[in-house]
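Read the structure below first, then the notes.
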Amino acid sequence: MSGKPTLAEAMARIERSGGRRRGAAVLREERVTLSHGSGGKASRALVESVFAAELSNPLLDPLDDCAVLPAAATGSRLVFTTDSYVVKPLFFPGGNIGRLAVHGTVNDLAMAGATPLYLSLGVILEEGFPIVDLRRIVASIRHAADEAGVSVVTGDTKVVERGKADGVYLNTAGVGELRPGISLAMDAARPGDRVLVSGTLGDHGVAILVARAELELESTITSDSAPLHGLAAALVAATGPGLRALKDPTRGGLATALNEIASASDVGVAVDEAALPIAAEVRGACEIVGIDPLHLANEGKLVAIVAPEVASAALAALRAHPLGRNAAIIGEAVADPVGMVYLRTAIGGHRVLDMLAGDALPRIC
């Protein structure tokens, strides 16, 4: 006898060991090729040696096409979101596309009051993309996920021909748990409610401008990209049912976020210009390029609409958190004009603050 196990014996051994056998995959290439998106051996080598090596956890390790999630606690609800990221450049002061993708998805869940639990990761790669840069991005995804307390539990990778993309695009989806008693909605603002922001505005937008060399100035501004669920949880605990709505002012900035809330709630929003927390460096950069900082994206700030009686408690809760130390009450919801946002200017006048028209800064996230 040859001593080699039969197929049945080999399969039984694999079953006894707790799952299918997977040989060690070795990625030998230094750049992404079209074969890495073929679904064959090259795809396996890329997924196992780059993605699975960094993001390993029990739900992801089977590398199936989906993850079966543990049931939520009794009475809780699952919240699901998805987003795509095409930021240019891929690496910028304070972050990169991978870190941004994790934070953006976590924050979408946090704005519903949910605790983020699981993420998916979809990756579109361009032929020729350097593997060293891909490793750097995936490592940042792992660090950001660890920081946020979430796991990447399923994913997909595709490769397109050289020149048909811009290095790498990411898609992330997220699942979170919403505990009983939490109900936040864009249409819940009422006249008299106070409007708060958790910190300085426009930092991410200016960081991207500097990274693109569209601003010829020395700058210390970095992206504010950060996971906001801890900050949101502190706010929920401090305000209870007095918290009406949360919104992260990403693309379109604060102006767009407030207009969306005003429109959904059939209220107006009056903003005190003097109360807006904007760093002098951001304000100066915006004056140079002619962009309103209230239209610039933020990736680590939130807008909160709260009942007037809990406004002080909300502000204290935000300022007690490291991500909210520059928080401010910036205005209030008003009965009229419905659906309109306006500034009470520093010189005593009024200016309509409309949603962003067009895209003054494309590929921001």
Side-chain angles (χ1 to χ4, degrees), residues 25 27-57 59-60 62-67 80-92 95-109 116 118-145 148 150-175 204 208 211-212 223 225 250-251 297 299 359 361-365:
L27 182 65
R28 304 184 185 282
E29 296 83 1
E30 295 184 354
R31 293 186 177 273
V32 172
T33 69
L34 284 175
S35 64
H36 286 127
S38 67
K41 291 182 178 179
S43 295
R44 173 183 166 187
L46 182 72
V47 169
E48 292 190 2
S49 66
V50 175
F51 295 99
E54 284 284 0
L55 304 175
S56 177
N57 63 74
L59 291 175
L60 178 66
L63 296 181
D64 289 333
D65 288 338
C66 65
F80 178 79
T81 187
T82 187
D83 209 342
S84 298
Y85 298 86
V86 297
V87 66
K88 181 180 181 181
L90 298 175
F91 301 92
F92 48 82
N96 61 55
I97 190 172
R99 181 174 175 83
L100 188 66
V102 172
H103 291 163
T105 304
V106 164
N107 292 347
D108 283 346
L109 294 169
Y118 309 105
L119 301 182
S120 72
L121 175 64
V123 183
I124 307 297
L125 290 163
E126 181 181 6
E127 179 186 17
F129 189 72
I131 295 293
V132 64
D133 287 343
L134 180 60
R135 289 188 185 277
R136 182 179 169 191
I137 290 169
V138 177
S140 74
I141 291 172
R142 176 176 60 81
H143 288 307
V150 298
S151 299
V152 177
V153 298
T154 189
D156 184 55
T157 305
K158 296 291 189 299
V159 178
V160 298
E161 300 91 340
R162 190 185 301 265
K164 300 299 184 182
D166 199 359
V168 57
Y169 302 141
L170 300 180
N171 171 272
T172 47
V175 175
H204 177 72
I208 295 298
R212 291 179 185 173
S223 171
S225 181
T250 54
R251 286 178 299 170
E299 295 294 341
D359 198 350
L361 193 60
R363 305 280 298 278
I364 193 72
C365 60

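Since the structure is predicted, the reported quantities are computational estimates derived from the model, not experimental observations.
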From CA spacing to verdict: side-chain contact (heavy atoms from CB on, under 4.5 Å), Phe51, Val123: CA-CA 10 Å; Phe51 295 99; Val123 183; 3.8 Å; yes

Side chains of Glu54 and Ile141 in contact at under 4.5 Å (non-hydrogen atoms): no

Residue pair Ser151, Leu60: steps toward the side-chain contact (heavy atoms from CB on, under 4.5 Å) verdict: CA-CA 8 Å; Ser151 299; Leu60 178 66; over 6 Å; no

Residue pairs, two or more places apart or on separate chains, that pass salt bridge (Lys or Arg N to Asp or Glu O under 4.0 Å) and touch residues 124-138: none

side-chain contact (heavy atoms from CB on, under 4.5 Å) between Leu46 and Ile131, intermediate numbers included: CA-CA 9 Å; Leu46 182 72; Ile131 295 293; 4.0 Å; yes

Set of residues satisfying side chain to side chain contact (heavy atoms under 4.5 Å, CB included) with respect to Ser223, sequence neighbours excluded: Phe92, His204, Ala207, Ser225

Nearest non-hydrogen partners of Pro116 and Val106, listed with the distance: CG-CG1, 3.6 Å

Non-hydrogen atoms of Asp83 and Asn171 that approach each other most closely: O-ND2, 3.1 Å

Where Ile208 and Lys88 come nearest, the two heavy atoms and their spacing: CG2-O, 3.6 Å

Whether over 12 other heavy atoms sit under 6.0 Å from Arg142 CZ: yes

Min side-chain heavy-atom separation His36-Leu125 under 4.5 Å: no

Interatomic distance, Phe129 atom CZ to Asp166 atom CG [nearest 0.5 angstrom]: 9.5 Å

Heavy-atom check, side chain of Thr154 versus side chain of Tyr118, under 4.5 Å: no

Intermediate values then yes/no, side-chain contact (heavy atoms from CB on, under 4.5 Å), Asn107 and Thr250: CA-CA 10 Å; Asn107 292 347; Thr250 54; over 6 Å; no

Heavy-atom closest pair, residues Ala211 and Pro89: CB-CG, 3.6 Å

Leu34 and Glu161, any side-chain heavy atoms less than 4.5 Å apart: yes

Thr82 (side chain) donor-acceptor with Thr172 (main chain) under 3.5 angstrom: yes

Under 3.5 Å: donor-acceptor pair, side chain of Asn57, backbone of Val153: no

Reported CD-to-OG distance for the pair Glu29 and Ser49, which is rounded to 0.5 angstrom: 9.0 Å

Residues in side chain to side chain contact (heavy atoms under 4.5 Å, CB included) contact with Ile124, at least two apart in sequence or another chain: Lys158, Val160, Tyr169

Heavy-atom closest pair, residues Leu119 and Gly174: CD2-CA, 3.8 Å

Heavy-atom check, side chain of Asn96 versus side chain of Leu90, under 4.5 Å: no

Residue pair Leu63 / Arg44, side-chain heavy-atom distance below 4.5 Å: no

Shortest non-hydrogen separation from Gly98 to Leu170 and the atoms involved: CA-CD1, 3.8 Å

Within-4.5 Å side-chain heavy-atom neighbours: Tyr85 and Thr105: yes

